[in-house]
> 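Structure below; questions to follow.
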Amino acid sequence: MLKTISFAAIALAFSTTTSLAATNITWWHGMAGRNGEVINEVAQKFNVSQSACALTPVSKGTYEEALASGIAAFRSGEQPNILQVFDAGAATIINAKGAVIPAEDLITKAGYSFDRGAFIDGVRYFYADSEGKFVGMPFNSSAPIMYINDEALKKAGVEAPKTWEEFEAIAPKLKEAGFIPLVQSQLTWQFTENFFSRNNIQFATNNNGYDSVVDTKLKVTDPNLEMMFEKLKAWKDQGYFAFYGAGWNDNQKVFEEGKAALWIGSSGSFGGLQKTATMPFSATFLPYWNAIKGAGTNSFIGGAALFAMSGKSDEENKCVADFFQFLTSPEVQYFYHKDTGYVAITKAAYELAQKDGYYKEKPVAEVGIKQLLLPAGDWSRGYRLGFYPQIREIMEREYGRIFSGEATVKDALEAIEKEGNELLARFAKTAG
Amino acid sequence: MRGRSKDQGEQAAAKRVQFASPFLPYLFLAPQLAIIFVFFYWPSAQAIQSSFYLEDPFGFGSTFVGLTNYADVLKSTEYFGIARFTAIFTALVTFFALAIGLLLAVKADGVIRGNATYKTLLIWVYAIAPPAAGLIGMMFFNQHIGPLVEFARWFGWDIKVGLDYFDTAFAMIVVAVWKQIPYNFIFFLSGLQGIPVSVREAAAIDCRSELRRFWTVILPLLAPTAFFLLIINVTYALFDTFGIIDVMVKDKAANNPITLVYKVYMDGFRGNDLGGSSAQSVILMLIVLVLTVFQFRFIERRVHYN
């Protein structure tokens, strides 16, 4: 009897605390492993910092799976308050007018001031509309950077390359020293999207797709991109570049084991790489072509942003705004930056990390952010292309064909442009 | 004797239940029908409907486009490439899974001592979920650590799963077959054990060649089992290998072979193209329909049930 009473008392106590606690909001994300744990810690910090809102993060698997679950949930009216959407899915969610409340509107409506200038340049445009208004709240941002196997370069007696011309000069020496000179992990992100941003070349018509979805066309048959892939193919045949497939880890592993001299990966890989690399490493910017006029601009951001989904009560929206505000505070950004390797998205957070002496200790952590801070060109602000995850699939397929010798570079790029443009035209119909 | 069996027949007739109300049987069937309707007919109808529309992923707007989605799919050379691979994949997986399953069953049937151990060893693989099987297969074929890759290198074959189209296809077929053999084995073995000893003895007296006995006596008696397994295996190769493919291509099809079902998933869930994906699943539905009709019309005729 006593047991039952005490149980009832405890239950009652619990129910009162939950009813006192505040507005519940949910956050669906696509992060697992260590990064998923850090997200839970961020949510925990937010819940402790105030009492009006209670945030629950839910891992939905990968980025693609999170987007698919978010869409399915929205269609049945069960959407979360916050959905994390990755770079390639940005057009899907931003073009669905009414699916999200622009982050900037949400924040100003909640009574906060919003300063676009507080965000670092590479981050500022990507999830914004063509007028620069933030639709998504940039959250975890990354840049493709070049990791360097220090021992390999020392053994070959060469310096890390800043441009692809320099790479061509040192590649034979690296090969002679017994290393694979270059590997990379995602051709679409590193050698296509960011090839256009780093060399400041137009990627698609209609201002890279920002101005309108109607009649937007890819410009991947650009002679410069063709030249890049001709070079990659030649380097592969000469043994200066190796390709192990579209899987991220297949290519990273060669570097971790110390077999490759240079690896182009994500700045967000830094956290993990510290544990897996078997040799000392450093990093530098993603190279560009010196021969291309105006090259050397910043890169697009990778990673993901948070979107406030519509159809929620004002109370809940206020909590989402509170959370976005909390998230962009320098302290939280710095914490996230340090624990994951993703770059800090605001200038204040970057300054905090500098002041703390973090980059003296870990210079690699600064490379990505420095690359995003490089001067922007006309074409390095971002891109907005519908059905883009599918277009990336086409690219992966055609690039595979180039390296296996099944297709010439010219034919492959033409196929990407043709099939990609068909998809863009289809998307224009859905969004129109 | 005759009288007795007549009695039994009368008893059975007397036991046959007559429903008082004509609606009662339908009531009993209702739960099953409801399940079929909710989980099969309704989604199918929805798929057919959305295949005629181009839809914004979030469901705000959809435009009626008639047969455009179908035309887009059928115009695509890529789609035909995938269809061709699917046909080859299905044929090879079905053939090898059935052939090896049958061979092992015949051999295990002949074993008298340690019979149970053999059976257990051969059956346990079936308990593995397809994604787990894919993962194990992936490890065997891993470019960096895979033992099968090392093994193939002795013969001068540099297997590159995930990079080379042919090598990936080879690995996928091997893993898919490996996963399905135990299932076929169980059915073939019980089918073999259901053949009366007297029939086997009679056959042994008539014919000395074991192989010929197998072709002319045992195999025809196994035909109902084999026909059932043929359908199950074709369905398996077409649909259930999804998990294996997903793990082996690691979410990125790139220049690797995939099957039609995987393409539906890629376009629908990964690419958010609901209309195009629906059109593809309707096409797939039609293919399966044709295949089923063909199987029952032409192959089942050659099957003799007791």
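So you know, we letter chains A, B, ... as the sequences are listed, proteins then strands, and number each from 1.
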> Can you say whether B:Gln143 sits under 4.5 Å from chain A via the side chain, the backbone, both, or neither, judging by heavy atoms?
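The side chain, not the backbone.
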> Non-hydrogen atoms of chain B under 4.5 Å away: do they reach the side chain of A:Ser404, the backbone, both or neither?
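Interface part for A:Ser404: side chain.
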> Between A:Glu193 and A:Arg392, is a salt bridge (charged side-chain N to carboxylate O under 4.0 Å, His left out) present by the stated rule, with each step listed?
CA-CA 10 Å; A:Glu193 293 138 34; A:Arg392 269 190 175 172; 2.9 Å; yes
> With no hydrogens and no angle check, do the side chains of A:Gln252 and A:Ser185 hold a donor and an acceptor under 3.5 Å apart?
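No, A:Ser185 and A:Gln252 have no side-chain donor paired with an acceptor closer than 3.5 Å.
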> Considering only heavy atoms from C-beta outward, does the side chain of B:Leu238 approach that of B:Leu291 to under 4.5 Å?
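Yes. Closest side-chain heavy atoms under 4.5 Å.
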> Would you call B:Arg153 and B:Glu150 a salt bridge, taking side-chain N to carboxylate O under 4.0 Å as the test?
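Here B:Arg153 pairs with B:Glu150 in a salt bridge, since their nearest N and O are under 4.0 Å apart.
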> Name the option with the most non-hydrogen atom pairs under 4.5 Å to chain B; the candidates are A:Gly247, A:Gly98, A:Ala72, A:Gly70.
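Top option by heavy-atom pairs under 4.5 Å: A:Gly98.
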> Counting heavy-atom pairs under 4.5 Å with chain B, which one of A:Ser69, A:Ala99, A:Ala68 comes out on top?
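It is A:Ala99.
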> Does the side chain of B:Ser50 pick up a donor-acceptor pair with the side chain of B:Ser278 at under 3.5 Å?
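Looking only at side-chain atoms, B:Ser278 and B:Ser50 do form a donor-acceptor pair, the distance falling under 3.5 Å.
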> At a heavy-atom separation under 4.5 Å, does B:Asp164 approach chain A through its side chain, its backbone, both, or neither?
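For B:Asp164, there is no contact with chain A at all, as no heavy atom is under 4.5 Å.
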> Mind ranking A:Glu257, A:Lys97, A:Glu398 by heavy-atom pairs under 4.5 Å with chain B and telling me who comes out on top?
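Option with the top pair count is A:Lys97.
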> Which bit of A:Phe74 comes within less than 4.5 Å of chain B, counting heavy atoms only: side chain, backbone, both or neither?
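Contact with chain B involves the side chain of A:Phe74 alone.
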> Does the side-chain hydrogen bond (donor to acceptor under 3.5 Å, both in side chains) test come out yes or no for B:Asn256 and B:Thr168, once each step is laid out?
CA-CA 6 Å; B:Asn256 291 310; B:Thr168 313; 3.0 Å; yes
> Side chain, backbone, both or neither: which part of B:Lys252 has a non-hydrogen atom closer than 4.5 Å to chain A?
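Both parts, backbone and side chain.
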> With only heavy atoms counted, which part of A:Phe243 is less than 4.5 Å from chain B, the side chain, the backbone, both or neither?
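Interface part for A:Phe243: both.
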> As an exercise: rank B:Phe60, B:Phe269, B:Tyr165, B:Tyr53 by heavy-atom pairs under 4.5 Å with chain A and give me the winner.
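Among the listed options, the one with the most contacts to chain A is B:Phe60.
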> Please classify the contact of A:Glu406 with chain B as side chain, backbone, both or neither, using a heavy-atom distance under 4.5 Å.
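Side chain of A:Glu406 only, per the 4.5 Å heavy-atom cut-off to chain B.
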> Does A:Glu422 come within less than 4.0 Å of A:Lys217, counting only side-chain N to carboxylate O?
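No.
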> B:Gly268, B:Gly162, B:Ser62, B:Ala253: which one forms the most heavy-atom pairs within less than 4.5 Å of chain A?
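Result: the option with the highest number of such pairs is B:Ala253.
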> Looking at A:Gly386, A:Ala415, A:Ala246, which has the largest count of heavy-atom pairs under 4.5 Å with chain B?
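Between A:Gly386, A:Ala415, A:Ala246, the count favours A:Ala246.
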> Name the member of B:Leu274, B:Asn272, B:Val249 that forms the most heavy-atom pairs with chain A at distances under 4.5 Å.
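Counting heavy-atom pairs under 4.5 Å, the top option is B:Asn272.
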> Report which part of A:Ile93 has an atom under 4.5 Å of a heavy atom belonging to chain B: side chain, backbone, both, or neither.
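Backbone plus side chain of A:Ile93, per the 4.5 Å heavy-atom cut-off to chain B.
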> Yes or no on side chain to side chain contact (heavy atoms under 4.5 Å, CB included) for A:Ser266 and A:Trp189, after CA distance, side-chain angles and deciding distance?
CA-CA 10 Å; A:Ser266 166; A:Trp189 185 47; 3.7 Å; yes
> Is the side chain of A:Thr216 donor-acceptor paired with the backbone N or O of A:Ser212 at a distance under 3.5 Å, no angle test?
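It does hold such a pair.
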> Can you tell me which portion of A:Thr62 sits under 4.5 Å from chain B's heavy atoms? Options are side chain, backbone, both or neither.
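Only the side chain of A:Thr62 comes within 4.5 Å of chain B.
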> Measuring centre to centre across the rings, with the benzene-like ring taken for any Trp, is A:Tyr399 within less than 6.0 Å of A:Phe191?
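No, ring centres 6.0 Å or more apart.
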